[in-house]
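In this text, all values refer to a predicted model and were calculated from it rather than measured experimentally.
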Amino acid sequence: MLEIIGMSVEDAIAIEKCGADRIELVSALTEGGLTPSFGLIEAVVNKVNIPVNVMIRHHAKSFVYSDEDISIMVRDIEKVKEIGANGVVFGMLDSNNNIREDQLITLLEAAKGLDVTYHRAIDETDVIKSINILNKYNGITNVLTSAGKGNIADNIDKINQMKKNSKHIKVLLGGGLNFDNIRNIKELTQNTDFHFGTAVRVDKSPFGEIDEEKLIKLVNILNN
């Protein structure tokens, strides 16, 4: 399964055309991805046939959220559900970089019926401890991770440990994947789910368009 970050209707059309399997729809890629406008979500969902998962993150200050923040995120999830997107992407931590379970439970309740990805906030934590915590919640479908800090290619052992411990959760590898390391990481982890952002954009720029030639090449690498 190949998920590609999209930021526009044009991105979404290109991602589907090139053979990727799912879109993670965001705004402000330079900020790590924020919640896109409801107008954009609706336009993309109505334009493509592949699943669209929407980032739920209205500020880039940190992954530590107030009660007011969580209320906003709940409302955003409700709107995403009304629009008909496939899923949502979120993650929350406490001030000690542990998963904030009470807030997680609140957002999972709002997201019932949707595909849920716990995003790379997990990489700020002890990832093995955290995957065991996330396992308690059947509402979580995927975890997007590079298995902690540092270069993803150096985290193979942790990736394999996360996969071993993940139970019902799919490990979605992302953050630092590129054409130089994807074959080796795929072989060493035997992982099947991958997430790409700037590596498939023109000039690897967060402001660049989807490079269709690169994306088609990536789809072929992962399918062979």
Side-chain angles (χ1 to χ4, degrees), residues 1 3 5 22 24 26 31-35 53-67 69-74 76-77 87-112 114-177 181-182 184-197:
M1 198 289 302
E3 177 180 87
I5 294 174
R22 189 168 70 209
E24 183 192 66
V26 310
E31 300 296 325
L34 298 176
T35 306
N53 286 6
V54 179
M55 176 65 77
I56 304 296
R57 182 175 178 242
H58 59 285
H59 68 65
K61 291 186 292 183
S62 73
F63 300 121
V64 178
Y65 298 114
S66 67
D67 291 343
D69 287 331
I70 294 298
S71 295
I72 291 167
M73 295 165 85
V74 165
D76 284 345
I77 291 169
V88 289
V89 181
F90 55 68
M92 65 293 299
L93 304 175
D94 64 22
S95 58
N96 295 313
N97 281 347
N98 296 306
I99 290 173
R100 180 79 186 266
E101 289 188 70
D102 59 328
Q103 293 181 344
L104 175 61
I105 290 167
T106 298
L107 294 195
L108 285 175
E109 183 67 27
K112 273 186 179 176
L114 296 176
D115 189 89
V116 173
T117 299
Y118 191 98
H119 63 44
R120 290 191 62 210
I122 195 172
D123 290 335
E124 301 296 318
T125 75
D126 176 334
V127 293
I128 305 305
K129 175 183 173 184
S130 293
I131 195 72
N132 290 329
I133 290 170
L134 296 180
N135 275 327
K136 299 190 292 184
Y137 301 101
N138 290 329
I140 299 173
T141 320
N142 320 283
V143 58
L144 173 59
T145 184
S146 58
K149 297 181 179 179
N151 191 316
I152 189 171
D154 297 328
N155 293 341
I156 298 300
D157 288 345
K158 280 188 179 179
I159 291 169
N160 287 330
Q161 188 64 43
M162 289 182 78
K163 283 168 59 66
K164 182 179 177 182
N165 290 17
S166 64
K167 296 185 180 177
H168 68 280
I169 299 172
K170 294 178 181 176
V171 174
L172 177 61
L173 293 182
L177 290 177
N181 63 24
I182 182 58
N184 194 47
I185 289 172
K186 181 173 183 277
E187 180 179 348
L188 292 174
T189 65
Q190 294 296 299
N191 207 57
T192 56
D193 294 355
F194 298 93
H195 168 99
F196 276 75

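In the model, Asn53 has a side-chain atom that pairs as donor or acceptor with a side-chain atom of Asp115 under 3.5 Å. Using modelled atom types and a 3.5 Å distance limit, the side chains of Asp123 and Thr145 yield a donor-acceptor pair.
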> Taking it one step at a time, do Asp76 and Val88 satisfy side chain to side chain contact (heavy atoms under 4.5 Å, CB included)?
Replying inline: CA-CA 10 Å; Asp76 284 345; Val88 289; over 6 Å; no
> Stepwise, does the side chain to side chain contact (heavy atoms under 4.5 Å, CB included) test hold for Leu173 with His195?
Replying inline: CA-CA 6 Å; Leu173 293 182; His195 168 99; over 6 Å; no
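Within a 6.0 Å sphere centred on CG of Asp157, heavy atoms belonging to other residues, nucleotides or ligands number 12 at most. In the displayed structure, Lys170 atom NZ is contacted under 6.0 Å by at most 12 heavy atoms of other residues, nucleotides or ligands. Environment of CG in Asn151: crowded, with over 12 heavy atoms of neighbouring residues, nucleotides or ligands closer than 6.0 Å.
Asp102 meets the side chain to side chain contact (heavy atoms under 4.5 Å, CB included) test with Arg100; sequence neighbours excluded. Legend: residues meeting salt bridge (Lys or Arg N to Asp or Glu O under 4.0 Å) with Glu24, ordered by chain and number and at least two apart, are absent.
The shortest distance between side-chain heavy atoms of Met73 and Arg57 does not fall below 4.5 Å. With contacts defined as side-chain heavy-atom distances shorter than 4.5 Å, the pair Lys186/Asn191 does not qualify. By the 4.5 Å heavy-atom criterion applied to side chains, Arg22 and Asn142 are counted as neighbours. Inter-residue side-chain proximity for Val116 and Leu108 is flagged as met; some heavy-atom pair is nearer than 4.5 Å. Under the 4.5 Å side-chain criterion, counting only non-hydrogen atoms from C-beta, Leu104 is in contact with Ile140. Between Val74 and Leu107 there is a side-chain heavy-atom pair separated by less than 4.5 Å.
The backbone N or O of Val143 lies less than 3.5 Å from no partner atom in the side chain of Thr117, so there is not a single donor-acceptor pair.
For residues 116-136, the set of pairs meeting the ring pair (Phe, Tyr, Trp, His ring centres under 6.0 Å) definition, not counting sequence neighbours, comprises Phe63-His119.
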